Peer 1: 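Got a structure for you, questions after.
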Amino acid sequence: MRPTLDGMPEAIAEQFGLDATSVRRYGGGHINDTYLVRTTRGSGGRRWILQRINDTVFTRPVELMENVARVTRHVRGRLVAEGVRDLDRRVLTLHPTVMGADWYVDLYGQVWRVFAFVPRATSHEVITDPAQAYQAALAFGHFQRLLADFEGPRLHETIPQFHDTPKRVRDFAAVVAADPVGRLAGVRREVDWLLGQEELAGSMMRLATEGVLPERITHNDTKLSNVLLDNATGEAICVLDLDTVMPGLSLYDFADLCRSGATTVPEDAPDASGVDVDVPMFEALARGYLEGAGSALEPAERELLVLAGEVMTLEQAYRFLGDYLAGDTYYQVSRDGQNLDRARTQIALVQALQRHEESLNLYVAGLAN
Ligand code: ADP
Ligand code: GN1
Ligand code: MG
């Protein structure tokens, strides 16, 4: 990513017709540069989310924006049909540039966009209350249902093979072999364990190839912080971070909820020894997701939640440890060793999910029928 020049976000805000009174960094996302823009329009002032798309991660940001524009319009249309009120808080709304475009390309070729800020709601980095987890999962399940009748040309793959876990294993093996910044010696144990998980890593893709799991339009980044919960009611009102909405497997959307929510410690906890499955959280997530998706899913997609959770968590471990070995080039880090800590919690969570597998599967079977 290119560095942000002083005053640049302010200048870009003007391209969207925003006369900013303040612009500051915002949110805890790992990928894009996100700013909160305040303007004086209206008596109480207004807020906007300005984002620069990370073009190292998303190499075709214009295609990404084409997807986001189509998806937000489709979801809005479906919500109108369902008679949902309060539309501007229920779906992300792109705010156009002064030229009437959905995004702005700056002199460096970087792509920027503005969403209306969704007020009176919060995205939580950590959720420990099963009632909130249920709400978040309900929203992502509902999102899946709203996209079930998405028509027109296939969406662009904004990151090709994003959840192709065997490819993640190959990429991981390559960075292990290269050891570009000399960090391998310190993580041999984790690397050896991960390289021994190829069978599990390939299981979901195998089911997709065999036709057991259908291709759908999925969110693909359903971690709990990518949904806004209403501050007053706790209800999940708006799904965020639509950059990876593209063809995928519905199970992965449940799986990333499980990975990010059904755990007893934060993703980057420095001590992975406390990691376990938070069973009430898992149950709330499974209930919420299946209820939200309703009839949009086939039996296999409702039954394999636990396996999917294991595979997604494993995939994330390859990705985090791979990025640690690469020298922290993908995920934003705020301290040394953060990607390694993230990888260790994921490894511990895969192992914990495996320990709890039987009872979690029983719970899911009870829901699926
Ligand atoms: P990243 O891809 O870097 O994770 P996100 O699109 O998830 O970026 O945005 C980062 C954070 O900004 C979110 O977790 C949320 O807190 C906040 N955010 C994003 N869009 C909005 C919005 N329209 N209204 C309010 N907050 C938002
Ligand atoms: C990234 O964008 P954000 O922070 O919501 C990543 C996800 C990972 C997640 C791990 C485009 O999500 O795939 O699961 O970090 N997004 C992308 O926290 O790579
Ligand atoms: Mg995010």
Side-chain angles (χ1 to χ4, degrees), residues 1 24-38 46-59 61 64-65 67-68 72 88-95 112-127 136 140 157-165 168 171 218-231 237-246 248 252-253 255-261 263 266-269 309 311-323 329-334 338-339 341-343 345-346 349:
M1 265 210 116
R24 65 172 174 87
R25 284 233 169 218
Y26 190 75
H30 295 349
I31 303 293
N32 294 313
D33 288 335
T34 301
Y35 301 88
L36 176 68
V37 177
R38 287 176 190 275
R46 285 198 67 174
R47 286 174 290 174
W48 310 88
I49 289 288
L50 168 68
Q51 287 182 312
R52 175 173 65 172
I53 295 169
N54 181 328
D55 54 13
T56 309
V57 168
F58 298 107
T59 52
L64 179 158
M65 286 309 300
N67 279 5
V68 170
T72 50
D88 292 342
R89 297 179 75 226
R90 298 286 169 161
V91 55
L92 286 178
T93 308
L94 283 167
H95 176 73
W112 299 74
R113 65 180 171 212
V114 169
F115 290 116
F117 185 86
V118 177
R120 303 182 303 284
T122 307
S123 86
H124 300 262
E125 282 305 314
V126 177
I127 291 186
F140 280 118
E157 290 192 38
T158 56
I159 300 180
Q161 296 178 287
F162 189 52
H163 287 315
D164 178 340
T165 318
R168 297 290 188 181
D171 291 350
T218 49
H219 183 285
N220 294 306
D221 191 2
T222 55
K223 68 182 193 185
L224 283 179
S225 57
N226 283 336
V227 63
L228 290 171
L229 304 186
D230 185 280
N231 291 343
I237 53 163
C238 187
V239 166
L240 301 175
D241 211 342
L242 307 179
D243 303 336
T244 51
V245 177
M246 58 181 157
Y252 275 157
D253 276 3
D256 210 39
L257 285 166
C258 169
R259 179 192 75 76
S260 61
T263 170
E267 184 178 87
D268 64 348
V311 175
M312 173 64 82
T313 310
L314 179 64
E315 179 181 296
Q316 198 62 66
Y318 290 113
R319 294 179 64 193
F320 281 145
L321 196 58
D323 197 35
T329 61
Y330 187 94
Y331 296 105
Q332 292 181 5
V333 289
S334 54
Q338 194 172 14
N339 272 322
D341 290 342
R342 288 170 176 155
T345 64
Q346 305 305 290
L349 184 58

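Treat the numbers as computed from the prediction; the structure is a model and nothing was measured. Note: hydrogens, waters and symmetry copies are ignored here, and every other heavy atom, side chains too, is used. For this chain, numbers begin at 1 and follow the sequence in order. Indexing begins at 1, ligand by ligand and atom by atom, following the structure's order.
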Peer 1: Among protein heavy atoms, which lies nearest atom 3 (O) of ligand 1, and at what distance?
Peer 2: N32 N, 2.9 Å
Peer 1: Look at atom 17 (C) of ligand 1 and say which protein heavy atom is nearest, naming residue and atom and giving the distance to 0.1 Å.
Peer 2: Y26 CE2, 3.7 Å
Peer 1: Is any NZ, NE, NH1 or NH2 atom of the basic residue among D230 and R90 found under 4.0 Å from an Asp or Glu carboxylate oxygen of the other?
Peer 2: no
Peer 1: Run the numbers for me: atoms of ligand 1, each under 4.0 Å from some heavy atom of G29, listed by number.
Peer 2: 1 (P), 3 (O), 4 (O)
Peer 1: Taking side chain to side chain contact (heavy atoms under 4.5 Å, CB included) as the definition, give me every residue that meets it alongside N67, ordered by chain and number, with sequence neighbours left out.
Peer 2: L155, H156, T158
Peer 1: Name the option, out of R25, Q51, R47, that contains the heavy atom nearest to atom 6 (O) of ligand 1.
Peer 2: Q51
Peer 1: Using 0.5 Å steps for rounding, measure from the CG atom of N231 to the OG1 atom of T122.
Peer 2: 3.5 Å
Peer 1: For ligand 1, which atoms sit closer than 4.0 Å to a heavy atom of H30?
Peer 2: 3 (O), 4 (O)
Peer 1: Indicate whether the side chain of Q51 and that of T34 have a donor and an acceptor atom separated by less than 3.5 Å.
Peer 2: yes
Peer 1: Among protein heavy atoms, which sits nearest to atom 1 (P) of ligand 1, and what does the distance come to when rounded to 0.1 Å?
Peer 2: D241 OD2, 3.5 Å
Peer 1: Does an N or O anywhere in L92 fall below 3.5 Å from an N or O of ligand 1?
Peer 2: no
Peer 1: Considering only heavy atoms, does T34 approach ligand 1 within less than 4.0 Å through its side chain, its backbone, both, or neither?
Peer 2: side chain
Peer 1: To the closest 0.5 Å, what do you measure between CD (Q346) and CE (M312)?
Peer 2: 10.5 Å
Peer 1: May I ask you to identify, for I49, whether its side chain, its backbone, both or neither come under 4.0 Å of ligand 1 on a heavy-atom basis?
Peer 2: side chain
Peer 1: Between H163 and Y252, is there a donor-acceptor pair closer than 3.5 Å when you use the side chain of the first and the backbone of the second?
Peer 2: no
Peer 1: Heavy-atom distance to atom 19 (O) of ligand 2: which of Y330, F320, F58 wins?
Peer 2: Y330
Peer 1: Which one of F117, Y331, Y35 has a non-hydrogen atom at the shortest distance from atom 26 (N) of ligand 1?
Peer 2: F117
Peer 1: List every atom of ligand 2 that sits less than 4.0 Å from any heavy atom of D241, numbering the atoms from 1 in the order shown and giving each element.
Peer 2: 2 (O), 3 (P), 5 (O)
Peer 1: Assess whether salt bridge (Lys or Arg N to Asp or Glu O under 4.0 Å) is satisfied between R319 and D171, documenting all intermediate values.
Peer 2: CA-CA 9 Å; R319 294 179 64 193; D171 291 350; over 6 Å; no
Peer 1: Distance-only, no hydrogens or angles: does the N54 side chain make a donor-acceptor pair with backbone N or O of I31 under 3.5 Å?
Peer 2: yes
Peer 1: Does any N or O in the side chain of S260 come within less than 3.5 Å of the main-chain N or O of K223, such that one atom is a donor and the other an acceptor?
Peer 2: no
Peer 1: Return the closest protein heavy atom for atom 24 (N) of ligand 1 as residue, atom name and distance.
Peer 2: V118 N, 2.9 Å
Peer 1: Considering only heavy atoms, which of Q332, R319, R259 lies nearest to atom 13 (O) of ligand 2?
Peer 2: R319
Peer 1: For the pair D268 (side chain) and R342 (backbone), establish whether a donor and an acceptor sit closer than 3.5 Å, ignoring hydrogens and angles.
Peer 2: no
Peer 1: Can you measure from CZ (F117) to CG (D88) and round to the nearest 0.5 angstrom?
Peer 2: 13.5 Å
Peer 1: Which residue owns the protein heavy atom closest to atom 15 (O) of ligand 2, what's the atom, and how far is it?
Peer 2: H30 CD2, 3.4 Å
Peer 1: What is the nearest protein non-hydrogen atom to atom 1 (C) of ligand 2, stated with its residue, atom name and distance?
Peer 2: I31 CG1, 3.8 Å
Peer 1: Are the aromatic ring centres of F140 and H219 under 6.0 angstrom apart?
Peer 2: yes
Peer 1: To the nearest 0.5 Å, what is the distance between CE (M65) and CD1 (I53)?
Peer 2: 5.0 Å
Peer 1: Please state which part of A116 comes within less than 4.0 Å of ligand 1, counting heavy atoms only: side chain, backbone, both or neither.
Peer 2: backbone
Peer 1: Would E315 and R259 satisfy salt bridge (Lys or Arg N to Asp or Glu O under 4.0 Å), going step by step from the backbone distance to the final call?
Peer 2: CA-CA 10 Å; E315 179 181 296; R259 179 192 75 76; over 6 Å; no
Peer 1: How far is atom 14 (O) of ligand 2 from the closest protein heavy atom, and which atom is that?
Peer 2: Q316 OE1, 2.6 Å
Peer 1: How long is the span from the OG1 atom in T93 to the CD1 atom in I49, to the nearest 0.5 Å?
Peer 2: 12.5 Å
Peer 1: Compute the minimum heavy-atom distance from D221 to ligand 2 and say whether it is under 4.0 Å.
Peer 2: yes
Peer 1: Would you list the protein N, O or S atoms within less than 2.8 Å of the Mg ion (ligand 3), leaving out water?
Peer 2: N226 OD1, D241 OD2
Peer 1: Answer whether the closest heavy-atom distance between the side chains of V37 and R47 falls below 4.5 Å.
Peer 2: no
Peer 1: Starting from atom 11 (C) of ligand 1, locate the nearest protein heavy atom and write down its residue, its atom name and how far away it is, to 0.1 Å.
Peer 2: G27 CA, 3.9 Å
Peer 1: Is there at least one pair of N or O atoms, one from K223 and one from ligand 2, spaced under 3.5 Å apart?
Peer 2: yes
Peer 1: Within a distance under 4.0 Å of any heavy atom of E267, pick out the atoms of ligand 2 and give their elements.
Peer 2: 10 (C), 18 (O)
Peer 1: Decide, yes or no, whether a salt bridge links D33 with R25 under the criterion of side-chain N to carboxylate O below 4.0 Å.
Peer 2: yes
Peer 1: Looking only at heavy atoms, is any part of S123 under 4.0 Å from ligand 1, and if so is it the side chain, the backbone, or both, or is it neither?
Peer 2: side chain
Peer 1: What part of L240, side chain, backbone, both or neither, has a heavy atom within less than 4.0 angstrom of ligand 1?
Peer 2: side chain
Peer 1: Quick one: does N226 get an N or O within less than 3.5 Å of an N or O on ligand 1?
Peer 2: yes
Peer 1: Does an N or O anywhere in I31 fall below 3.5 Å from an N or O of ligand 1?
Peer 2: yes
Peer 1: I'd like to know if the side chain of D253 reaches the main chain of N220, judged simply by a donor and an acceptor atom lying under 3.5 Å from each other, with no hydrogens or angles considered.
Peer 2: yes
Peer 1: In Å, rounded to the nearest 0.5 Å, how long is the span from CG of L228 to NE2 of H124?
Peer 2: 8.5 Å
Peer 1: Of all the atoms in ligand 2, which lie at a distance below 4.0 Å from a heavy atom belonging to N226?
Peer 2: 5 (O)
Peer 1: With heavy atoms of S225 as the reference, note each atom of ligand 1 found under 4.0 Å away.
Peer 2: 14 (O)
